[in-house]
Amino acid sequence: MEHLKWSYFSAFLILLLMEFTIAYFHFNPFIRGFLGDVLVILLLYLFLKIFIKNNVFNIAISVLGFAFLVELLQFLKLSEILKIKSKILLTVLGSVFDVWDLVAYGIGFLLILLSERIFHKNTTPYFFKF
């Protein structure tokens with residue numbers, strides 16, 4: 001079981017590097033705006049899986065819920081209300097609501113479930129089997 005934590009940690013580092021690369025080099029809007037949002041769901045999930053054993057679906061749905069909450073706060077213009085000026089904080093929290101972000105988060109969620117099903121069949125809970 002310990003090898004699973006290392007696989008999550010390794011995958012987390014790879015995705016973190018990809019996210020930094022996307023942010024730094026300002027790739028085209030699809031990669032930066034959509035694919036980056038898909039990957040951030042996977043990134044958050046992998047980070048949590050380093051510390052939390054099993055609970056694939058619960059962790060995945062929690063990450064999806066958190067992402068939807070952040071998007072709701074963007075819709076409510078929380079960064080403007082709080083007058084946030086920090087570029088780093090604005091990047092983390094986001095400042096512009098986009099319905100396509102919700103689609104990207106949903107795709108990221110489905111990729112989590114699919115990858116867990118493919119790569120870790122023995123850790124997949126019974127309620128998640130297709």
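Every heavy atom of this structure was used, including side-chain atoms; hydrogens, water molecules and symmetry mates were not. Predicted model only: the values in this text are computed from it and were never measured.
Judged as a ring-ring contact (aromatic ring centres under 6.0 Å, His included), and not counting sequence neighbours, the contacts of Phe51 are Phe47. With sequence neighbours left out, Glu71 forms a side chain to side chain donor-acceptor pair (under 3.5 Å) with Tyr105.
In the hydrophobic clustering of this structure, Val40 does not group with Val96; members are Ile, Leu, Val, Met, Phe, Trp, Tyr whose side-chain heavy atoms approach within less than 4.5 Å, directly or through other members. A chain of hydrophobic side-chain contacts below 4.5 Å, direct or via other Ile, Leu, Val, Met, Phe, Trp or Tyr residues, connects Phe20 to Leu15. No path of Ile, Leu, Val, Met, Phe, Trp and Tyr side chains, each step under 4.5 Å between heavy atoms, connects Ile81 with Leu72, placing them in separate hydrophobic clusters. If you chain together hydrophobic residues whose side chains sit under 4.5 Å apart, Val99 and Phe109 fall into the same group. In terms of hydrophobic clustering, with Ile, Leu, Val, Met, Phe, Trp and Tyr side chains grouped at heavy-atom distances under 4.5 Å, Trp6 and Ile59 are assigned to a common cluster.
Between the OH atom in Tyr45 and the OG atom in Ser115 there is a gap of 7.0 Å [rounded to 0.5 Å]. Once rounded to the nearest 0.5 Å, the distance linking CZ of Phe12 with CG of Leu43 reads 5.0 Å. How far CG of Leu42 is from CG of Asp37: 11.5 Å, rounded to the nearest 0.5 Å. Between the CG atom in Leu76 and the CZ atom in Phe97 there is a gap of 9.5 Å [rounded to 0.5 Å]. The line from OH of Tyr8 to CG of Leu13 is 15.0 Å long, rounded to the nearest 0.5 Å. The CD1 atom of Ile61 sits 8.5 Å away from atom CZ of Phe68, with the distance rounded to the nearest 0.5 Å.
Here the side chains of Leu110 and Ile107 are not in contact, with every heavy-atom distance at 4.5 Å or above. Here the side chains of Glu116 and Lys49 are in contact, with some heavy-atom distance below 4.5 Å. Between Lys85 and Leu90, the closest side-chain pair of non-hydrogen atoms is not below 4.5 Å. Phe9 has its side chain out of reach of Leu46: every pair of non-hydrogen atoms, C-beta onward, lies at least 4.5 Å apart.
For Gly106 against Leu64, the heavy-atom pair with the smallest separation is N-CD1, 4.0 Å. Across all non-hydrogen atoms, the minimal contact from Ala104 to Val38 is O-CG2, 3.4 Å. Residues Gly108 and Ile41 approach most closely at C-CG2, 3.8 Å, considering heavy atoms.
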Determine, step by step, whether Asp101 and Gln74 satisfy the side chain to side chain contact (heavy atoms under 4.5 Å, CB included) criterion, reporting the C-alpha distance in whole Å, the side-chain angles of both residues, the deciding distance to 0.1 Å, and the verdict. CA-CA 11 Å; Asp101 289 350; Gln74 290 173 8; 4.2 Å; yes
Applying side chain to side chain contact (heavy atoms under 4.5 Å, CB included), run through Ile22 and Leu39 and close with a yes or a no. CA-CA 10 Å; Ile22 289 170; Leu39 294 179; 4.0 Å; yes
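Heavy-atom neighbours of Phe66 CZ from other residues, nucleotides or ligands within 6.0 Å: at or below the threshold of 12.
Checked by atom type and distance alone, the side chain of Asn55 never pairs as donor or acceptor with a backbone atom of Asn58 at under 3.5 Å.
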